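Scroll down for the structure; my scribbles are underneath it.
Small disclaimer: the values here were computed from a predicted structure and weren't measured.
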Amino acid sequence: TLDSPSLAPVEVDVNVSTLVGNGSTSNPYEISNVSELQAMEDDLNANYELENDIDASDTAQFNNGRGFDPIGNSSSPFTGSLTGNNQAITGLIINRPDEDEVGFVGRSSGALTNVTLTNLTVTGNNTVGGLAGRNDARGTVRNVTISGNTVGDSQVGGVVGFNVGSIQGSTVSVSVD
């Protein structure tokens with residue numbers, strides 16, 4: 001028999017402007033797959049909501065094995081909002097051991113609400129968290145559920161690595177190294 005070659009997952013670059021919605025508070029962009037989730041990096045001030053559960057296991061192959069690219073950073077933090085609608089993002093992989101402020105969101109001054117991240121693996125250098133590497137003073141985290149592993153050298157946490165914002169109602173089952 002012929003063995004068929006295994007096909008590597010394809011990272012699709014989606015322009016945020018093609019998403020359903022317009023990013024406003026009353027009409028947030030709708031996220032329904034991992035490529036649309038990655039598109040959040042294109043508009044850090046917009047409002048987003050998850051429409052369904054998202055299998056993010058393909059992110060292990062994104063960016064030449066470095067995984068998902070965290071949303072926002074120290075020079076351009078995420079200032080919008082993400083409402084998870086109690087949908088789950090499963091299997092998110094971030095492998096950036098030489099970078100700081102690493103998490104699903106690298107640096108947030110926005111609102112992250114009702115977000116569930118399960119079976120995640122996040123590796124960074126300093127300021128590493130499952131949901132956010134850093135949550136700034138204006139940042140709010142509400143009703144999130146996180147499970148998986150986070151690894152870094154300092155300021156490493158299950159929800160956030162470094163927090164000066166608000167965190168309320170979180171459920172966490174994360175191994176922190």
Side-chain angles (χ1 to χ4, degrees), residues 12-59 62 67-94 101-122 124 127-148 150 157-172 174:
V12 178
D13 189 15
V14 172
N15 187 319
V16 73
S17 66
T18 64
L19 300 178
V20 173
N22 64 16
S24 68
T25 303
S26 61
N27 190 16
Y29 289 124
E30 296 178 8
I31 305 288
S32 60
N33 63 54
V34 73
S35 293
E36 293 174 350
L37 196 64
Q38 186 67 82
M40 289 175 60
E41 68 186 352
D42 296 332
D43 190 344
L44 300 172
N45 302 312
N47 299 285
Y48 300 88
E49 67 180 10
L50 297 183
E51 292 301 303
N52 49 262
D53 290 340
I54 295 176
D55 178 356
S57 57
D58 286 350
T59 56
F62 282 17
F68 189 84
D69 191 14
I71 308 301
N73 56 45
S74 60
S75 60
S76 299
F78 177 72
T79 57
S81 71
L82 172 64
T83 300
N85 290 327
N86 297 312
Q87 305 294 332
I89 300 167
T90 303
L92 185 76
I93 305 287
I94 302 173
E101 296 185 353
V102 176
F104 166 65
V105 175
R107 188 169 190 164
S108 178
S109 293
L112 304 167
T113 308
N114 297 323
V115 176
T116 298
L117 292 164
T118 61
N119 197 29
L120 65 80
T121 302
V122 177
T127 319
V128 179
L131 182 65
R134 179 180 171 121
N135 188 40
D136 284 335
R138 292 180 311 250
T140 59
V141 173
R142 285 194 189 96
N143 304 323
V144 300
T145 301
I146 315 288
S147 70
T150 58
V159 178
V160 300
F162 183 81
N163 180 58
V164 291
S166 169
I167 300 176
Q168 301 171 344
S170 299
T171 303
V172 183
V174 174

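How far CD1 of Ile93 is from CG of Leu120: 8.0 Å, rounded to the nearest 0.5 Å. To the nearest 0.5 angstrom, Asn27 atom CG is 4.5 Å from Asn22 atom CG. With values rounded to the nearest 0.5 angstrom, Thr83 atom OG1 is found 7.0 Å from Asn114 atom CG. The CG atom of Asn15 sits 12.5 Å away from the OG atom of Ser35 when rounded to the nearest 0.5 Å. Rounded to the nearest 0.5 angstrom, Glu101 CD and Arg107 CZ are separated by 4.5 Å. Distance check, rounded to the nearest 0.5 Å: CG of Leu131 to OG of Ser108 gives 7.5 Å.
Residues Pro70 and Gly106 approach most closely at CB-N, 3.7 Å, considering heavy atoms. Nearest heavy atom pair, residue Ile71 against residue Val105, reads O-CG1, 3.1 Å. Closest approach of Asp55 to Val34, counting heavy atoms only: O-CB, 4.1 Å. Here the closest non-hydrogen pair linking Val159 and Ser170 is CG2-CB, 4.3 Å. For Asp136 against Ser109, the heavy-atom pair with the smallest separation is OD2-OG, 3.2 Å. Leu112 and Phe78 get closest at one heavy-atom pair: CD2-CE2, 3.9 Å.
Put simply, the side chain of Tyr48 does not reach to within 4.5 Å of the side chain of Leu37, judged on heavy atoms. Using a 4.5 Å cut-off on side-chain heavy atoms (C-beta onward), Thr59 and Ile94 make no contact. Contact of the Gln87 side chain with the Glu51 side chain is not registered, since no non-hydrogen atoms from C-beta on lie closer than 4.5 Å. Contact annotation: the side chain of Val122 approaches that of Val128 to within less than 4.5 Å [non-hydrogen atoms, C-beta and beyond]. Side-chain atoms of Asp69 and Gln38, non-hydrogen and from C-beta on, do get closer than 4.5 Å to each other. The shortest side-chain heavy-atom distance between Ile89 and Thr116 does not fall under the 4.5 Å cut-off. Inter-residue side-chain proximity for Phe162 and Val160 is flagged as unmet; no heavy-atom pair is nearer than 4.5 Å.
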Between Leu82 and Thr113, does a side-chain contact (heavy atoms from CB on, under 4.5 Å) hold up when you go through it step by step?
CA-CA 6 Å; Leu82 172 64; Thr113 308; over 6 Å; no

Discussion item. As a quick check of understanding, evaluate side-chain contact (heavy atoms from CB on, under 4.5 Å) for Thr171 and Asn143, giving each step before the final call.
Written reply: CA-CA 8 Å; Thr171 303; Asn143 304 323; over 6 Å; no

Inset, instruction - Please test Thr118 against Thr90 for side-chain hydrogen bond (donor to acceptor under 3.5 Å, both in side chains), starting from the C-alpha separation and ending with a verdict. - result: CA-CA 5 Å; Thr118 61; Thr90 303; 2.9 Å; yes

Checklist entry - How far apart are the C-alpha atoms of Asn47 and Tyr29, what are their side-chain angles, what is the distance that settles it, and do they pass the side-chain contact (heavy atoms from CB on, under 4.5 Å) test? => result CA-CA 6 Å; Asn47 299 285; Tyr29 289 124; over 6 Å; no

_Evaluation steps, side-chain hydrogen bond (donor to acceptor under 3.5 Å, both in side chains), between Ser75 and Asn73_ = CA-CA 6 Å; Ser75 60; Asn73 56 45; 3.0 Å; yes

* Full working for side-chain contact (heavy atoms from CB on, under 4.5 Å) between Leu117 and Phe104 -> CA-CA 9 Å; Leu117 292 164; Phe104 166 65; 4.1 Å; yes

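Exactly one of Val144, Asn135, Val172 qualifies for a side chain to side chain contact (heavy atoms under 4.5 Å, CB included) with Ile167. That residue is Asn135.
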